[in-house]
Amino acid sequence: MASVNQDNVPGATGTAPSKKSQAPAKTADSQSVLKRLQSELMALMMGGDSGISAFPEEDNIFCWKGTINGSKETVFEGTQYRLSLSFPNDYPFKPPKVKFESFCFHPNVDVRGHICLDILQDKWSSAYDVRTILLSIQSLLGEPNTSSPLNPQAAQLWSNQEEYRKMVEKLYKPPNA
């Protein structure tokens, strides 16, 4: 038996129901989000991309831990960083919240690990997946946007790669430390 919302029944409150038409919001039910995340996990595991990985935290498919390695021939070569990824209930229509858990001295990463990356904000597309996110962050390490920094000190030092590398080495803490 269907339930009736008394607010929309004419006469129930003395007003007629609203005739406004609203565009349906893009949402995903939890089952489809679950399937999408399971599919992305499988693709990531089978993909064999070097230097990136991510897995759900314990038994929560909506919270993942990831790692990215600094790319060769960049000031981040030989480093590895831990990330947290938190997926909203309306993923993939909204981006996950991604944050560095390891300290990362970088123009587009603040001291709390927040990342300034367009695909995690206004340039998000539901076509992106965890692999795309991790590869984009890995690429961002070696190619920062210094014109819009979250860390002005790192942005200023970026032009001197030798000094920048020294600062990365000074501040870097391996994941097991």
Side-chain angles (χ1 to χ4, degrees), residues 33-88 91-151 154-155 157-177:
V33 175
L34 178 67
K35 285 181 182 179
R36 166 83 182 239
L37 289 171
Q38 287 171 333
S39 171
E40 288 189 28
L41 175 61
M42 192 58 82
L44 193 60
M45 289 171 42
M46 303 304 280
D49 291 297
S50 97
I52 63 168
S53 67
F55 298 94
E57 245 183 73
E58 297 174 18
D59 60 351
N60 186 353
I61 192 84
F62 289 91
C63 294
W64 292 30
K65 292 293 182 194
T67 59
I68 58 169
N69 296 342
S71 297
K72 291 184 190 296
E73 299 179 23
T74 72
V75 293
F76 293 97
E77 182 174 1
T79 61
Q80 184 180 74
Y81 295 94
R82 289 186 307 246
L83 301 164
S84 63
L85 297 89
S86 178
F87 297 90
Y91 180 79
F93 301 110
K94 296 279 193 225
K97 300 241 182 291
V98 184
K99 185 178 160 187
F100 275 89
E101 295 297 321
S102 313
F103 181 77
C104 181
F105 182 72
H106 189 276
N108 305 117
V109 180
D110 73 13
V111 294
R112 291 184 301 283
H114 299 113
I115 306 164
C116 182
L117 181 61
D118 59 357
I119 70 160
L120 294 176
Q121 297 164 12
D122 58 329
K123 301 286 187 203
W124 175 255
S125 164
S126 59
Y128 295 141
D129 58 11
V130 175
R131 177 183 174 274
T132 305
I133 293 166
L134 295 174
L135 289 172
S136 295
I137 295 170
Q138 186 181 48
S139 176
L140 181 70
L141 284 180
E143 299 172 24
N145 177 359
T146 56
S147 64
S148 178
L150 282 178
N151 182 337
L157 192 57
W158 183 258
S159 61
N160 183 339
Q161 292 287 280
E162 188 176 320
E163 288 300 312
Y164 195 96
R165 176 64 189 185
K166 287 178 187 175
M167 185 64 84
V168 168
E169 288 171 354
K170 178 181 172 185
L171 299 173
Y172 176 69
K173 304 267 187 284
N176 297 335

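Quick caveat, the model's predicted, so the values are computed rather than measured.
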Check your understanding: Which pair of heavy atoms, one from L120 and one from P96, lies closest together, and at what distance?
Key -> CD2-O, 4.3 Å
Practice item. Return yes if some donor-acceptor pair links the side-chain N/O of R112 with the main-chain N/O of K99 below 3.5 Å, else return no. Key: no
Exercise for review: Identify the two heavy atoms, one from C104 and one from F76, that lie closest to each other, and give their separation to 0.1 Å.
Suggested key: SG-CE2, 4.3 Å
Check your understanding: Can you name the closest pair of heavy atoms from I119 and S136 and give their distance?
Key -> CD1-OG, 3.4 Å
Review point. Residues in side chain to side chain donor-acceptor pair (under 3.5 Å) with Q138, at least two apart?
Key: none
Practice item. Using a strict 4.0 Å threshold on nitrogen-to-oxygen distance, state whether E169 and K166 make a salt bridge. Key: no
Point to revise | Considering all heavy atoms, the nearest Y128-K123 contact | key: CE1-O, 3.4 Å
Practice item. Start with the C-alpha gap between F105 and Y172, add the side-chain angles, then the distance that decides, and say whether ring-ring contact (aromatic ring centres under 6.0 Å, His included) holds. Key: CA-CA 8 Å; F105 182 72; Y172 176 69; over 10 Å; no
Point to revise | Summary of side chain to side chain donor-acceptor pair (under 3.5 Å) pairs that have at least one residue in residues 59-68, sequence neighbours excluded | key: S53-T67
Check your understanding: Counting only heavy atoms not in Q121, do more than 12 fall under 6.0 Å of its CD?
Key -> yes
Practice item. Report yes or no: does R131 contribute a side-chain atom to a donor-acceptor pair with the main-chain N or O of L44 at less than 3.5 Å? Key: no
Review point. Are I68 and F100 close enough that some pair of their side-chain heavy atoms sits under 4.5 Å apart?
Key: yes
Practice item. Please answer whether the main-chain N or O of P92 pairs with a side-chain N or O of S126 as donor and acceptor at a distance below 3.5 Å. Key: no
Check your understanding: Can you find a heavy atom in the side chain of I137 that is under 4.5 Å from one in the side chain of V98?
Key -> yes
Exercise for review: Begin with the C-alpha distance, continue with both residues' side-chain angles, and end with the deciding distance and a verdict on side-chain contact (heavy atoms from CB on, under 4.5 Å) for N108 and L117.
Suggested key: CA-CA 7 Å; N108 305 117; L117 181 61; over 6 Å; no
Check your understanding: In Å and rounded to the nearest 0.5 Å, what is the CD to CG distance from E162 to L157?
Key -> 11.0 Å
Point to revise | Closest non-hydrogen atom pair, G66 against L85 | key: N-CD1, 4.0 Å
Check your understanding: Is L140 close to I115 at the side-chain level, that is, under 4.5 Å between some pair of heavy atoms?
Key -> yes
Check your understanding: Shortest non-hydrogen contact from P107 to Y164?
Key -> CD-OH, 3.3 Å
**Study point:** Non-hydrogen side-chain atoms of L83 and L134 separated by less than 4.5 Å
**Key:** yes
Revision key, fill the gap. Rounding to 0.5 Å, atoms OH (Y81) and CG (N69) come to a distance of 10.5 Å
Point to revise | CA sep, side-chain torsions, deciding dist, call: R36, Y91, side-chain contact (heavy atoms from CB on, under 4.5 Å) | key: CA-CA 9 Å; R36 166 83 182 239; Y91 180 79; 3.8 Å; yes
Check your understanding: In Å, rounded to the nearest 0.5 Å, how long is the span from NZ of K170 to CD of E163?
Key -> 10.5 Å
Check your understanding: Are H106 and N151 close enough that some pair of their side-chain heavy atoms sits under 4.5 Å apart?
Key -> no
